[in-house]
Amino acid sequence: MRGRYDRRYRRDDKHFADGLNWEEHRHSRGGGHRKREHHRGAKTFRRGRAIEFLNRLNVKRSTLKQQLESPELQTINPIIVGELKAVEMIINEFTELFEIHEDEINQQNSIEITSEELGDNSSEV
């Protein structure tokens, strides 16, 4: 990359007056990719999708728990235990990352149940 006076420089070099390198300088202008402390997770459509994904993870966890109790799968019990631990770890990290609380999950589930009931009633008429 060439500088202002046709001088070559690397992006890593501290060439800006304030001592920032190229990446720091580029992101310091309005917005950028710096971490913001006030972030509280997705609040719109994406949040609903995150909760839906969390519900799918919970279904996988309950399926793995059922498989643990199954007598025909006792030979692969250690594998199932490992998968169960991995899914539970993902669920914990996901809920912390998106700051999802139990009441939000229950609220989303009640909305889905209500919409399914309305859909079933409209198809019967």
Side-chain angles (χ1 to χ4, degrees):
M1 187 168 190
R2 296 200 179 263
R4 186 172 171 185
Y5 299 106
D6 204 30
R7 192 178 104 207
R8 292 183 146 245
Y9 61 88
R10 293 189 322 259
R11 287 189 174 185
D12 303 12
D13 293 341
K14 301 284 184 186
H15 60 277
F16 291 101
D18 55 0
L20 299 175
N21 66 21
W22 173 252
E23 290 296 319
E24 292 167 342
H25 181 74
R26 185 170 65 119
H27 293 302
S28 64
R29 297 179 190 162
H33 296 287
R34 293 183 186 255
K35 287 189 176 183
R36 295 182 179 103
E37 297 300 321
H38 66 277
H39 188 266
R40 303 237 194 277
K43 298 291 182 191
T44 57
F45 175 71
R46 292 174 293 156
R47 189 152 186 89
R49 293 183 81 172
I51 293 172
E52 176 59 33
F53 181 72
L54 184 61
N55 286 335
R56 290 182 185 190
L57 288 174
N58 284 324
V59 168
K60 288 181 183 184
R61 177 172 54 180
S62 64
T63 301
L64 287 169
K65 285 182 178 181
Q66 288 174 355
Q67 289 176 351
L68 277 177
E69 298 169 0
S70 175
E72 60 267 5
L73 297 176
Q74 291 302 313
T75 57
I76 59 169
N77 199 9
I79 296 170
I80 297 173
V81 169
E83 289 182 13
L84 181 61
K85 287 182 180 180
V87 168
E88 287 178 346
M89 182 188 71
I90 292 169
I91 289 172
N92 292 335
E93 290 178 359
F94 195 80
T95 54
E96 287 179 25
L97 179 66
F98 286 97
E99 298 177 1
I100 298 174
H101 304 286
E102 193 70 34
D103 58 335
E104 290 178 288
I105 297 170
N106 295 336
Q107 181 183 10
Q108 183 75 16
N109 288 340
S110 66
I111 290 171
E112 290 174 0
I113 290 171
T114 305
S115 65
E116 287 175 1
E117 289 174 354
L118 290 175
D120 291 341
N121 291 340
S122 63
S123 64
E124 291 175 358
V125 175

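Quick caveat: nothing in here was measured; it's all calculated off a predicted structure.
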Heavy-atom pair with the smallest gap, counting every atom of Ala50 and Phe94: O-CE2, 3.2 Å

Drop me the distance from Ile105's CD1 to Ser110's OG, to the nearest 0.5 angstrom. 12.0 Å

Distance check, rounded to the nearest 0.5 Å: Gln67 atom CD versus Leu84 atom CG? 10.0 Å

Mind running side chain to side chain contact (heavy atoms under 4.5 Å, CB included) on Lys85 and Met89 for me, showing each step along the way? CA-CA 6 Å; Lys85 287 182 180 180; Met89 182 188 71; over 6 Å; no

Quick one: closest heavy-atom pair of Glu72 and Ser70, and the distance? OE2-OG, 2.7 Å

Looking at Gln74 and Leu68, would you say the former's side chain and the latter's main chain have a donor-acceptor pair under 3.5 Å? yes

Arg56 and Glu52 ion-paired at < 4.0 Å: yes

CD1 (Ile80) and CD (Glu69) are apart, to the nearest 0.5 Å, by 11.0 Å

Which heavy atom of Thr75 sits nearest a heavy atom of Pro78, and at what distance? O-CD, 4.2 Å

Distance, nearest 0.5 Å, that separates NZ of Lys65 from CD of Glu88: 5.5 Å

To the nearest 0.5 Å, how far apart are CG in Leu64 and CD1 in Ile79? 12.0 Å

Which distance, rounded to the nearest 0.5 Å, do you find between the CG of Asn58 and the OG1 of Thr63? 10.5 Å

Side chains of Arg47 and Ile100: closer than 4.5 Å at any heavy-atom pair? yes

Taking Leu97 as the starting point, is it possible to reach Phe53 by hopping between hydrophobic residues whose side chains are less than 4.5 Å apart? yes

